[in-house]
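Below is one structure, written out as structure tokens, with a few remarks after it.
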Amino acid sequence: HFVCVVKSWFINDKLFRPKDKKPIYAIFDTGVTGMVISRDLYDQRYEEGRVLRERKLWGGEVSFIFNSSQRQQKSISAMKP
């Protein structure tokens with residue numbers, strides 16, 4: 001397992017910012033397919049998606065930016081996670 005603090009999170013090319021302003025931690029686990037998020041983040045994304053009348057909450061690209069242990073900026077993305 002690997003853990004990092006997410007600097008920026010983009011969903012369908014839009015910056016996603018948690019309302020509570022708490023840091024988001026990404027945990028990389030090679031045994032998981034897709035992604036798992038907290039209920040609070042899911043609920044916020046659901047609410048925003050409905051307001052914007054998006055047909056799919058996670059239907060496009062989901063990506064985030066983080067710093068490696070060597071302090072290099074890295075990004076990872078997935079289509080329809």
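Reckoned from all heavy atoms, side chains included, excluding hydrogens, waters and symmetry mates.
Applying the side chain to side chain donor-acceptor pair (under 3.5 Å) test to residues at least two apart or on different chains, the pairs with a partner in residues 20-31 are His1-Asp29. Annotation: ring-ring contact (aromatic ring centres under 6.0 Å, His included) contacts involving residues 39-62, sequence neighbours excluded, are absent. Identified under the salt bridge (charged side-chain N to carboxylate O under 4.0 Å, His left out) test for residues 1-15, with sequence neighbours left out: Lys14-Glu54. Sequence neighbours left out, the pairs with a member in residues 4-23 that pass ring-ring contact (aromatic ring centres under 6.0 Å, His included) are Trp9-Phe16.
Within the 4.5 Å cutoff, the side chain of Val62 has no heavy atoms near those of the Ser77 side chain. Cys4 has its side chain out of reach of Asn67: every pair of non-hydrogen atoms, C-beta onward, lies at least 4.5 Å apart.
Residue Val51 is found outside any hydrophobic cluster, as its side-chain heavy atoms come under 4.5 Å of no other Ile, Leu, Val, Met, Phe, Trp or Tyr.
Cluster membership check: Leu57 shares its hydrophobic cluster with Phe64, using side-chain heavy-atom separations under 4.5 Å among Ile, Leu, Val, Met, Phe, Trp and Tyr. Met35 and Met79 fall into different hydrophobic clusters, where Ile, Leu, Val, Met, Phe, Trp and Tyr are joined by side-chain heavy atoms under 4.5 Å apart, directly or via other members. Following chains of ILVMFWY side-chain contacts shorter than 4.5 Å, one can reach Phe66 starting from Phe2, so the two form part of one hydrophobic cluster. By the criterion of side-chain heavy atoms lying less than 4.5 angstrom apart, applied directly or through intervening Ile, Leu, Val, Met, Phe, Trp or Tyr residues, Ile76 is grouped together with Leu41 in one hydrophobic cluster. Hydrophobic clustering, with ILVMFWY side chains joined whenever heavy atoms are under 4.5 angstrom apart, keeps Val6 apart from Ile27.
Remark: Ser75 engages no residue in a side chain to side chain donor-acceptor pair (under 3.5 Å) (not counting sequence neighbours). Residues satisfying the salt bridge (charged side-chain N to carboxylate O under 4.0 Å, His left out) test with Glu61, not counting sequence neighbours, are none. Scanning for salt bridge (charged side-chain N to carboxylate O under 4.0 Å, His left out) contacts around Lys74 gives an empty result, with sequence neighbours left out. Every residue meeting the side chain to side chain donor-acceptor pair (under 3.5 Å) condition with Arg39, not counting sequence neighbours, appears here in chain and number order: Asp43.
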Legend entry - Intermediate values then yes/no, salt bridge (Lys or Arg N to Asp or Glu O under 4.0 Å), Lys19 and Glu48: CA-CA 11 Å; Lys19 289 180 182 178; Glu48 290 176 3; 5.6 Å; no
